[in-house]
2 protein chains.
Amino acid sequence: MKKEKKAPVCEVEIVDEKKVAQAQKKIADTEQVLEMAEIFKLLGEPTRLKIVLSLINSELCVCDLAAAVDSNVSTVSHQLRLLRNARLVKYRKDGKMVFYSIDDKHINDAIEKIKEHTEE
Amino acid sequence: MKKEKKAPVCEVEIVDEKKVAQAQKKIADTEQVLEMAEIFKLLGEPTRLKIVLSLINSELCVCDLAAAVDSNVSTVSHQLRLLRNARLVKYRKDGKMVFYSIDDKHINDAIEKIKEHTEE
DNA sequence: CAAACACTTGCACATTTGTTCAAATGTATG
DNA sequence: CATACATTTGAACAAATGTGCAAGTGTTTG
């Protein structure tokens, strides 16, 4: 009887099936994992992280935000758009000025979601 | 007396100096902000986030990790290097196999650091 | 209604990044 | 010591990303 030849590459062969299954369960909800990654990615860029941190205490207009994070209005505005889309920040218009602030509600939801995945 | 001409671009002009100063204080420790961003960035990529989540329950070898996150050994190994360098994961060698696991100690430190910056 | 201003947007560009292939390393085993 | 195997590493490449300029939008003000 010919001995079964093993698959040549590791990708096909699993060492501990049980542990792999357990791990896969952790990341089964692909959409949620991608959402988490998206949030981390947004905070993972210095300019954006500085913007978010700057907004923790008080709302700021784009102009002041640019000064605070030592960048320029255009760059900050571009990054604010990304943060806005992900609802990490919200804004309020007042005449020709726009005041940005943390979108607490949505951020807290995000943190909860991450905790669920992380804890235990 | 000639009236002082205002700077033409917003970058130079600050609307609310007090709020800007307060914001700048939040991000004064540049090095720490960059460290935080680095961690977020690492978790902000789907493959890497999946790897980290997979390791929460148990240590896994590179081979099983690749199977769990549905990627291949080479890609996973590359990403593990980044996670290793940031000390988000640690490893243990056993013969020709390498078992990776979460570097709890270092991750907890990181979480603390982030909390400090975030809370209040 | 023209000028000033705060902000946004489109474009272009350099840089960074994730992935894959192929080759290299290191370890066990016959 | 040759072979098999798990993992790492280097090179190459396409794709994604952050930034800055210049032009555009919308709002206030004289």
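Naming: A, B, ... by sequence-line order, numbering from 1 per chain.
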Heteroatom pairs (N/O) under 3.5 angstrom, protein to nucleotides 15-20 of chain C:
from	atom 1	to	atom 2	distance (Å)
C:dT17	OP1	B:K41	NZ	2.8
C:dG18	OP1	B:R48	NH1	3.1
C:dG18	OP1	B:R48	NH2	2.8
C:dG18	OP2	B:R48	NH1	3.1
C:dT19	OP1	B:T47	OG1	2.9
C:dT19	OP2	B:Q79	NE2	2.8
C:dT20	OP2	B:N72	ND2	2.6
C:dT20	OP2	B:T75	OG1	2.9
C:dT20	O4	B:H78	NE2	3.1

Could you tell me whether the side chain of [X] and the main chain of [Y] form a donor-acceptor pair under 3.5 Å?
{"X": "B:N72", "Y": "B:T75", "result": "yes"}
{"X": "B:K90", "Y": "B:I102", "result": "yes"}
{"X": "A:D103", "Y": "A:L88", "result": "no"}

In whole angstrom, give the distance that lies between atom [atom1] of [X] and atom [atom2] of [N].
{"X": "A:F40", "N": "D:dT17", "atom1": "CZ", "atom2": "P", "result": "17 Å"}
{"X": "B:N85", "N": "D:dT8", "atom1": "CG", "atom2": "C1'", "result": "13 Å"}
{"X": "A:L80", "N": "D:dT17", "atom1": "CG", "atom2": "C1'", "result": "17 Å"}
{"X": "A:L60", "N": "C:dA6", "atom1": "CG", "atom2": "P", "result": "15 Å"}
{"X": "A:L65", "N": "C:dC7", "atom1": "CG", "atom2": "P", "result": "9 Å"}
{"X": "B:E13", "N": "C:dC5", "atom1": "CD", "atom2": "P", "result": "8 Å"}
{"X": "A:I51", "N": "C:dT8", "atom1": "CD1", "atom2": "P", "result": "11 Å"}
{"X": "A:L34", "N": "D:dA16", "atom1": "CG", "atom2": "P", "result": "14 Å"}

>> C:dC7, OP1 or OP2 - any side-chain N/O from A:R84 closer than 4.0 Å?
In response: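 Indeed not, no polar side-chain atom of A:R84 lies that close.
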Heavy-atom distance under 4.5 Å between the side chains of [X] and [Y], does that happen here?
{"X": "A:S54", "Y": "B:K26", "value": "no"}
{"X": "B:Y100", "Y": "B:R84", "value": "yes"}
{"X": "A:K105", "Y": "A:D109", "value": "yes"}
{"X": "A:V20", "Y": "A:V15", "value": "no"}

Pairs under 3.5 Å (N/O, protein and nucleotides 26-30 of chain D):
none

> Contact class for B:Y100 vs. all strands (heavy atom < 4.0 Å): base, sugar-phosphate, or nothing?
Replying inline: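 If one applies the 4.0 Å heavy-atom cut-off, B:Y100 turns out to touch the sugar-phosphate alone, with no base involved.
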> Do A:S101 and A:R92 pass the side chain to side chain contact (heavy atoms under 4.5 Å, CB included) test, and can you show the C-alpha distance, the side-chain angles, and the key distance before you say yes or no?
Replying inline: CA-CA 8 Å; A:S101 57; A:R92 167 178 82 81; over 6 Å; no
Per-pair distances, 0.1 Å, donor-acceptor, side chain in residues 35-53 of chain A, under 3.5 Å, sequence neighbours excluded:
from	atom 1	to	atom 2	distance (Å)
A:E35	OE1	A:K113	NZ	2.6
A:E45	OE1	A:T47	N	3.2
A:E45	OE1	A:R48	N	3.2
A:R48	NE	A:L42	O	2.8
A:R48	NH1	A:Q79	OE1	3.0
A:R48	NH2	A:K41	O	3.4

